[in-house]
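Here is the naming used below: chain letters follow the sequence lines, and residue numbers restart at 1 for every chain.
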Protein chains: 2
Amino acid sequence: MTARTPSTPPPAEGISRVAEDFLKAIWSATEWGGAPITGKALAERFGTTAANVSDTIRRLTAQGLVSHEPYKPVRLTTAGERHAVAMVRKHRLIESFLVRTLGYSWEEVHDEAENLEHAVSETMIERIDALLGHPDRDPHGDPIPAADGTSPHPEHAVNLTDASPGSYEVTRISDDDPAILRLLAGHGLRPGSMITVGTRDASSSSIPLEYNDGGLASLPSDAAAALWLVGRG
Amino acid sequence: MTARTPSTPPPAEGISRVAEDFLKAIWSATEWGGAPITGKALAERFGTTAANVSDTIRRLTAQGLVSHEPYKPVRLTTAGERHAVAMVRKHRLIESFLVRTLGYSWEEVHDEAENLEHAVSETMIERIDALLGHPDRDPHGDPIPAADGTSPHPEHAVNLTDASPGSYEVTRISDDDPAILRLLAGHGLRPGSMITVGTRDASSSSIPLEYNDGGLASLPSDAAAALWLVGRG
DNA sequence: CAAAAAAGTTAAGTTAGCTTAACTTAGCGC
DNA sequence: GCGCTAAGTTAAGCTAACTTAACTTTTTTG
Ligand SMILES: [Mn+2]
Ligand SMILES: [Mn+2]
Ligand SMILES: [Mn+2]
Ligand SMILES: [Mn+2]
């Protein structure tokens, strides 16, 4: 066996499942204009401890995938961002594939994709992409990065939480929380739905909506935060 | 944290990827009438050391999945066999799915399935099974165990290495070695092919074949060992 | 601004899975 | 049966990923 000099960077054998999920989470935090993610948020996202997050961030830093100053939020390096975008591409293509070929509903694909994204080969991803005709949105309305890492930049969307009264089209629905997805699906809301945002009642945190067909509803603010809209006059 | 009594069996949280592959390998050794597998064979199969195999077998034994006396071959317990058959079912259904829906060729599916089998949910496997119409053979001719663990017992097959001269149908082709699969595919041999086995030349270890269409070929013995036949006249 | 709370780090310990090295056992060949 | 060799085990040590506990830094807040 060839002795390995301790100072030599790790052989970059491949990137672990945990590392892949971290990179994706760090990237996702800023996808819709949010601030760089904190250790606390990462710990909550993965149901683990702050100590474990520090440890994992240290390993990712050693691999040159993230940059991190103590007590500051975490950022991706160029290499880290490349890997992150590749994972997002896999995740969203897999979701699209499951809906199209296996009849998954758009509120159940996320968990399955969360596992499969770490197991599919590049070859398989490109075949899925070709079979689906190179889609540019996943079932939740999220843009699918191209194989070269470029992202189709979607029309500027506003969060329902920040939307002033008026007519909108739902362009994306965050797939983070399955319970919220089921709630929204129950309201008939999906990417492409047309809605009218009403005037907020100061005494309540929920947001009044009117649907195309005249139906009325009121969404709690956590569900509203999952909806992204573009104005439709 | 609740203290765990040392004698309590492990919580069977879930079964690791390494454990799943070991169970599958142990089961596969006896699928076509072979002897229970040895540690040496397991080490070769996974490209690891005998020491690591001993270690892994120890863990599997502690989990109640295999039974093992020192210096003896490894056997599955009832629980181990149940898990092994479930993995084989996943592997073969995934191979079938990749061929059918993504246009994989039967000589390239194995490696992809080797990874995906650890990532797909029960739900996804059952949907694949339904989509494919509950197939009972995979692309290599291997029987696909049913969801309840029962295996369709195929017509008794003989290995080409042991076949006396005569007419046969190829019923299965072992998918262990990709190089051999490519060689056989190059000869036009696949499950369902009809062949005539010629008389062996004592001076050579290769086996003479005649195809349906009159073509002649001669297979080296390692390739011949991958072919399983049933007599046809 | 100082104290309290929240966030982050460090330290120590665990397990699975791997390595190399040293040793033991089993199965012959003679 | 004796001794060689192949197979198997044991020992020691490593990394990634996790835990709890103790501590430090930053942020909030009265
Ligand atoms: Mn994931
Ligand atoms: Mn999605
Ligand atoms: Mn596998
Ligand atoms: Mn197969």
Side-chain angles (χ1 to χ4, degrees), chain A residues 1-26 29 35-75 83 115 118, chain B residues 1-23 25-26 29 35-75 83 118:
Chain A
M1 169 206 161
T2 58
R4 181 177 302 150
T5 314
S7 65
T8 303
E13 268 284 332
I15 185 166
S16 76
R17 187 206 159 101
V18 168
E20 285 179 342
D21 279 335
F22 263 68
L23 294 179
K24 200 154 57 77
I26 296 165
I37 200 164
T38 63
K40 181 78 188 320
L42 284 167
E44 270 162 17
R45 173 75 107 101
F46 295 115
T48 185
T49 59
N52 184 30
V53 168
S54 281
D55 197 21
T56 302
I57 294 303
R58 191 185 41 68
R59 276 192 306 273
L60 290 173
T61 303
Q63 292 173 79
L65 297 170
V66 311
S67 67
H68 180 231
E69 299 169 75
Y71 301 100
K72 293 280 167 61
V74 186
R75 288 159 189 285
H83 283 284
N115 291 320
H118 309 288
Chain B
M1 167 203 164
T2 60
R4 182 178 301 151
T5 314
S7 64
T8 304
E13 268 281 335
I15 185 165
S16 76
R17 186 205 161 102
V18 168
E20 286 179 342
D21 280 335
F22 263 68
L23 294 179
I26 296 165
I37 200 164
T38 63
K40 181 79 189 318
L42 284 167
E44 270 162 17
R45 172 75 107 99
F46 295 115
T48 186
T49 58
N52 184 31
V53 168
S54 282
D55 198 20
T56 303
I57 294 303
R58 192 185 42 68
R59 276 192 307 272
L60 290 173
T61 302
Q63 290 174 81
L65 297 169
V66 311
S67 66
H68 181 233
E69 299 170 75
Y71 302 103
K72 293 280 168 59
V74 187
R75 288 160 190 284
H83 283 285
H118 310 287

On a heavy-atom basis, the closest approach of A:Ile15 and A:Glu20 is CG2-OE2, 3.3 Å

From CZ of B:Arg58 across to C1' of C:dG17 the rounded distance in Å is 11 Å

So OG of B:Ser54 and CZ of B:Arg59: to nearest 0.5 Å the spacing works out to 11.0 Å

Side chains of B:Thr61 and B:Arg58: donor-acceptor distance under 3.5 Å anywhere? no

Ranking D:dG8, C:dG8, D:dA17 by distance to the side chain of A:Thr38, first place goes to C:dG8

Indicate every side-chain donor-acceptor pair of residues 35-51 of chain B with a distance under 3.5 Å to a residue at least two apart or in another chain.
unit_1	atom_1	unit_2	atom_2	d
B:Thr38	OG1	B:Ala41	N	3.2
B:Lys40	NZ	B:Glu44	OE2	3.0
B:Thr48	OG1	B:Asn52	ND2	2.8
B:Thr49	OG1	B:Asn52	N	3.1

Rounded to whole Å, NE2 of A:His68 lies from P of C:dA7 at a distance of 14 Å

By side chain to side chain contact (heavy atoms under 4.5 Å, CB included), B:Lys72 pairs with (sequence neighbours left out) B:Glu69

From CZ of B:Phe22 across to C1' of C:dC18 the rounded distance in Å is 11 Å

Among the nucleotides D:dA16, D:dG8, C:dA7, whichever has the atom closest to the side chain of A:Ser16 is D:dA16

note: B:Ile15, atom CD1; C:dT15, atom P; distance rounded to Å ~ 19 Å

In whole angstroms, the gap separating C1' of C:dG17 from CD of B:Glu20 amounts to 15 Å

inquiry  = Is B:Arg59 close enough to C:dG17 that one of its side-chain N or O atoms is under 4.0 Å from OP1 or OP2 there?
reply    = yes

Atom CD of A:Glu69 and atom C1' of D:dT26 are separated, to the nearest Å, by 14 Å

Polar atom pairs (N or O), protein with nucleotides 23-27 of chain C, under 3.5 Å:
unit_1	atom_1	unit_2	atom_2	d
C:dT25	O4'	B:Tyr71	OH	3.3

So, with a heavy-atom separation below 4.0 Å from DNA chain C, the residues of residues 45-56 of chain B are B:Thr48, B:Thr49, B:Ala51, B:Asn52, B:Asp55

The side chain to side chain contact (heavy atoms under 4.5 Å, CB included) partners of A:Arg17 (sequence neighbours excluded) come to A:Asp21, A:Asn115, A:His118

note: A:Arg17, atom CZ; D:dA17, atom P; distance rounded to Å ~ 11 Å

Between CD of A:Glu44 and P of C:dG8 the distance, given in whole Å, is 10 Å

Residues at least two apart in sequence or cross-chain that pass side chain to side chain contact (heavy atoms under 4.5 Å, CB included) with A:Tyr71, listed by chain then number, are none

Taken to the nearest 0.5 Å, the spacing of A:Leu60 CG from A:Ser67 OG works out to 11.0 Å

